[in-house]
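All values below were derived from every heavy atom in this structure, side-chain atoms included, with hydrogens, water molecules and symmetry-related copies excluded.
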Amino acid sequence: LYTFTPEHKDINDALARYKDTLVALFNLIDENHSGSINLQEFANACKIIFVDQNEPISSDAIKSMIEAMDTNKDGKIDLIEFTQAFIIYT
């Protein structure tokens with residue numbers, strides 16, 4: 001069970017307002033429209049997002065991020081896992 005603390009209330013309210021944007025982003029990353037994001041799709045998105053960094057994002061960093069988001073440990077990220085990754089829990 002989670003609760004929202006006062007300092008996180010504004011952030012979580014904003015995330016609720018932007019849920020449609022998160023869903024659209026998920027659908028863009030889900031290149032094959034399978035309803036989940038696999039490692040390759042996530043890696044492709046990360047390479048675009050982090051293009052302005054001095055060095056490319058490492059495969060280990062990408063794998064760590066997807067493993068953290070993949071709460072049911074099925075090797076892919078579904079929409080619920082994706083949107084939950086943007087919520088601050090306490």
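The two atoms that bring Cys46 and Met65 nearest to each other are SG-CE, 3.7 Å, heavy atoms only. For the residue pair Ala45 and Ile29, the shortest heavy atom distance occurs at CB-CG1, 3.8 Å.
Of the inter-residue distances, the one linking Asn44 atom CG with Leu28 atom CG reads 12.5 Å to the nearest 0.5 angstrom. Distance check: Ile37 CD1 to Leu25 CG gives 7.5 Å after rounding to the nearest 0.5 Å.
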In a table with atom names and distances, give each donor-acceptor pair under 3.5 Å that connects a side chain of residues 72-79 to protein atoms at least two apart or in another chain.
residue	atom	partner	partner atom	Å
Asn72	OD1	Asp74	N	3.2
Lys73	NZ	Glu67	O	2.8
Lys73	NZ	Asp70	O	3.2
Asp74	OD1	Lys76	N	3.1
Asp78	OD1	Ile80	N	3.1
Asp78	OD1	Glu81	N	2.8

Run the side-chain donor-acceptor check on residues 49-60: report pairs under 3.5 Å with partners two or more places apart or on a different chain.
residue	atom	partner	partner atom	Å
Ser58	OG	Ala61	N	3.0

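With hydrogens and angles disregarded, no donor-acceptor distance shorter than 3.5 Å links the side chain of Glu31 to the backbone of Glu41.
Partners of Phe42 according to the ring-ring contact (aromatic ring centres under 6.0 Å, His included) rule, which considers only residues two or more places apart in sequence or in another chain, do not exist here. For Asn27, the side-chain hydrogen bond (donor to acceptor under 3.5 Å, both in side chains) test picks out no residue, with sequence neighbours left out.
Annotation: ring-ring contact (aromatic ring centres under 6.0 Å, His included) contacts involving residues 54-84, sequence neighbours excluded, comprise Phe26-Phe82, Phe82-Phe86.
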